[in-house]
Amino acid sequence: MIAIIDYGMGNIHSVKKALERFGADTLVTNKPADIGKCHKLVLPGVGAFDDAVRELKRTGLLDELKNHIKNKKPFLGVCLGMQLLFESSQEAKKEKGLAILKGRVVKIKATKSAKVPHMGWNQLKQVTTSQRHNVISPCPLLKNVPDNSYVYFCHSYYPEPADNSLIAATTNYGLDFAAIVWQDNIYGMQFHPEKSQGIGLKMLENFVGLC
Amino acid sequence: MLTKRIIPCLDMKGGRVVKGVKFVGLRDAGDPVEIAKIYDQQQADELVFLDITASFEQRKTLINLVEAIAKNIFMPFTVGGGISDIDDIKALLKAGADKVSINTAAVKCPDLIKDAAEKFGSQCIVVAVDAKQSQKAAKPESQKWEIYINGGRTPTGLAAVDWAKKGAELGAGEILLTSMDYDGTRDGYDLELTKAVVEAVNIPVVASGGAGKLEHMYDVLTKAGADAALAASIFHFGEFSIKQAKEYLKERGVPVRL
């Protein structure tokens with residue numbers, strides 16, 4: 001069973017539908033008790049940083065989410081759902097991040113050629129294993145995903161992990177930023193796989209296939 | 001590299017996809033869920049759904065239909081029409097929209113843009129600008145176009161370029177710019193209007209209204225600098241597929257996803 005956390009703020013239909021397409025049972029929930037019952041967890045990315053942190057605290061989901069990750073069960077954070085894992089965000093006025101991953105979330109610097117938000121289809125440059133000093137196998141979610149594939153982005157902030165070896169793929173928008181981060185059982189995507197047609201579905205299929 | 005987007009648009013009335021000329025004379029184009037699925041298969045970059053009569057008839061957007069479409073597509077989905085407050089936005093996002101497009105309510109109450117952007121993030125708030133060349137003479141160049149609300153029925157006296165700029169300042173993440181003079185005419189986009197808005201704001205601009213040939217898309221994406229080209233008639237009635245449009249653009253050096 002895969003739990004999909006619902007803050008009540010946005011669209012979770014596509015991610016649910018995509019996971020089910022690959023045979024997964026899903027549970028859309030905001031109840032902490034449900035998290036323990038599930039082997040995998042998806043935190044979709046909607047809303048603003050402060051609101052999301054407050055909502056995770058208010059519902060009591062925060063502790064269960066941390067437990068889930070500590071217990072080495074697969075976790076996928078999408079867009080804001082990934083940004084929340086870091087220590088801080090320039091978007092936040094009051095709240096801190098969950099500090100599960102070291103690093104911060106920063107605002108895209110607007111230029112004439114790089115408008116903010118970064119909105120549309122852009123390419124993923126996969127970081128090969130030889131470039132990643134601590135990791136010996138390629139990111140499992142990128143299995144059968146060709147290099148330079150296009151995925152859909154819609155964001156104004158991006159993560160800056162303290163440790164570059166977490167970065168499994170980058171995207172260029174004014175500069176190269178971390179589009180996929182991966183550490184053990186934790187996966188984060190700055191783009192929306194559930195909105196990225198065939199290529200995105202492939203990555204979600206790979207997530208469903210994780211042990 | 002970030003690509004230019006090709007976006008089919010479903011104008012909705014009474015649960016059916018329709019298309020008119022200059023916002024009137026609507027013609028039936030089919031069932032929205034079926035059409036949405038076809039565009040997803042054709043790898044459209046996004047889908048826009050506008051309930052074109054919602055605002056005028058004071059109806060709420062057809063939540064059930066949004067949900068039915070969202071369950072069947074895996075591409076970004078923008079919904080507009082009849083949005084009047086934060087609760088409407090929340091309901092649409094929950095039903096499966098990724099972005100909402102606001103026109104009338106934003107003009108009547110600009111703070112709605114600010115509040116919505118703070119609550120849901122700029123990236124999901126689109127300000128729709130329906131612009132028409134002003135009849136009044138002796139206007140400075142940037143005041144040439146006036147915006148209309150209530151589905152093109154009510155002039156506002158506001159200059160389109162100024163309003164787009166204000167929308168961006170209030171926190172909108174994108175401008176959906178429709179030329180009422182060119183809409184449905186198939187004579188090409190209003191390049192002058194599009195260029196004026198693109199130059200005035202630093203958020204993405206989706207150009208709409210007037211696509212009749214693939215060349216028109218090329219022009220609006222290159223000469224006018226739009227980030228995305230939206231079209232209805234040329235795709236709905238089977239003249240061109242999304243793929244044909246993208247191949248045409250790619251051959252001419254426009255970055256697109258194929």
Side-chain angles (χ1 to χ4, degrees), chain A residues 6-18 20-21 45-52 79-80 91 93 107-108 110-123 125 148-157 171-174 191-201 204, chain B residues 1-7 40-47 66-79 89-90 92-100 117-126 168 171-174 198-199 201-206 225 227-228 255-258:
Chain A
D6 183 14
Y7 313 102
M9 301 263 304
N11 175 14
I12 41 93
H13 293 280
S14 305
V15 70
K16 178 178 156 66
K17 186 89 180 177
E20 286 172 355
R21 172 184 277 219
V46 279
F49 195 95
D50 279 342
D51 280 352
C79 198
L80 177 64
E91 186 192 354
K93 292 189 178 83
K107 182 146 198 186
I108 299 169
T111 64
K112 201 66 205 168
S113 60
K115 300 177 180 187
V116 180
H118 174 215
M119 198 182 282
W121 296 77
N122 204 334
Q123 285 165 300
K125 182 82 198 150
N148 297 314
S149 290
Y150 283 102
V151 289
Y152 180 76
F153 290 88
C154 183
H155 64 122
S156 302
Y157 298 84
T171 292
N172 185 274
Y173 192 63
F191 54 92
H192 290 270
E194 79 283 10
K195 296 282 152 192
S196 298
Q197 292 169 343
I199 285 294
L201 294 178
L204 292 173
Chain B
M1 179 178 201
L2 182 67
T3 57
K4 301 276 188 183
R5 286 170 280 156
I6 302 302
I7 305 177
D40 197 27
Q41 282 156 16
Q42 289 186 4
Q43 300 213 341
D45 293 318
E46 193 168 322
L47 185 71
V66 170
E67 209 168 306
I69 292 174
K71 280 186 178 157
N72 280 286
I73 59 173
F74 297 101
M75 63 177 156
F77 184 27
T78 303
V79 179
I89 298 173
K90 197 168 177 175
L92 282 172
L93 296 177
K94 207 170 160 56
D98 299 298
K99 301 189 242 179
V100 292
E118 273 173 19
K119 190 155 181 67
F120 306 104
S122 287
Q123 79 290 336
C124 74
I125 307 301
V126 180
E174 188 163 73
V198 166
E199 282 172 0
V201 299
N202 203 20
I203 56 175
V205 175
V206 180
D227 299 276
V256 288
R257 176 183 63 115
L258 261 175

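These values consider heavy atoms only, across backbone and side chains, with no hydrogens, waters or symmetry-generated copies. Naming convention: chains lettered A, B, ... in sequence-line order (proteins, then strands); numbering from 1 in each chain.
- M1(B) is not listed as a side-chain neighbour of Y173(A), based on a closest heavy-atom distance of 4.5 Å or more.
- Annotation for S14(A) and A70(B): closest pair OG-O, 3.9 Å, computed over non-hydrogen atoms.
- Across every non-hydrogen atom of Y150(A) and V256(B), the tightest pair is OH-O, 4.1 Å.
- Looking at heavy atoms from C-beta onward, W121(A) lies in side-chain contact with P76(B) at the 4.5 angstrom threshold.
- Note that CD of E91(A) and OG of S122(B) are 8.5 Å apart. Values are rounded to the nearest 0.5 Å.
- Nearest approach of P117(A) to G173(B), heavy atoms of both residues: CD-O, 3.3 Å.
- For chain A, the option among N202(B), D227(B), D40(B) with the highest count of heavy-atom pairs below 4.5 Å is N202(B).
- For A95(B), the part sitting under 4.5 Å from any heavy atom of chain A is the backbone (N, CA, C, O) and nothing else.
- Here the closest heavy-atom approach between residue M119(A) and residue L2(B) is recorded as O-CD1, 3.8 Å.
- Here the CE atom belonging to M75(B) is positioned 12.5 Å from the OG atom belonging to S196(A), to the nearest 0.5 angstrom.
- Between C154(A) atom SG and E174(B) atom CD the span is 8.0 Å, to the nearest 0.5 Å.
- Only the side chain of H118(A) comes within contact range of chain B, judged by heavy atoms closer than 4.5 Å.
- The part of R5(B) that comes within reach of chain A is its side chain, from C-beta onward, which places non-hydrogen atoms under 4.5 angstrom from that chain.
- In this structure, the portion of K99(B) lying under 4.5 Å from any heavy atom of chain A is its side chain and not its backbone.
- Neither the backbone nor the side chain of T171(A) comes within contact range of chain B; no heavy atoms are under 4.5 Å apart.
- The shortest distance between side-chain heavy atoms of F74(B) and R21(A) falls below 4.5 Å.
- Put simply, NE2 on H155(A) and CD on Q123(B) are 9.5 Å apart, with the number rounded to the nearest 0.5 Å.
- If you measure heavy-atom distances from I89(B) to chain A, you find no contacts under 4.5 Å at all.
- Using a distance-only test at 3.5 Å, with no hydrogens or angles considered, a donor-acceptor pair links the side chain of H13(A) to the main chain of K94(B).
- Your options are K195(A), E194(A), Q123(A), K16(A), and the one with the most heavy-atom pairs under 4.5 Å with chain B is K195(A).
- The greatest number of non-hydrogen atom pairs below 4.5 Å with chain A, out of A97(B), C124(B), G121(B), A117(B), is found for A97(B).
- For a residue to count as touching a neighbouring chain, one of its non-hydrogen atoms must lie under 4.5 Å from one of that chain's; by this rule D6(A) touches chain B with the side chain only.
- Here K71(B) is the residue among Q41(B), E118(B), E46(B), K71(B) with the most heavy-atom pairs under 4.5 Å with chain A.
- When heavy atoms are compared at a cutoff of 4.5 Å, I12(A) does not approach chain B at all.
- The shortest side-chain heavy-atom distance between I203(B) and K115(A) does not fall under the 4.5 Å cut-off.
- In this structure, chain A has heavy atoms under 4.5 Å from both the backbone and the side chain of K119(B).
- In this structure, chain A has a heavy atom under 4.5 Å from the side chain of E67(B), while its backbone stays farther away.
- Using a 4.5 Å cut-off between heavy atoms, A172(B) does not touch chain A at all.
- With rounding to the nearest 0.5 angstrom, the CD1 atom of I73(B) is 9.0 Å from the CD atom of Q197(A).
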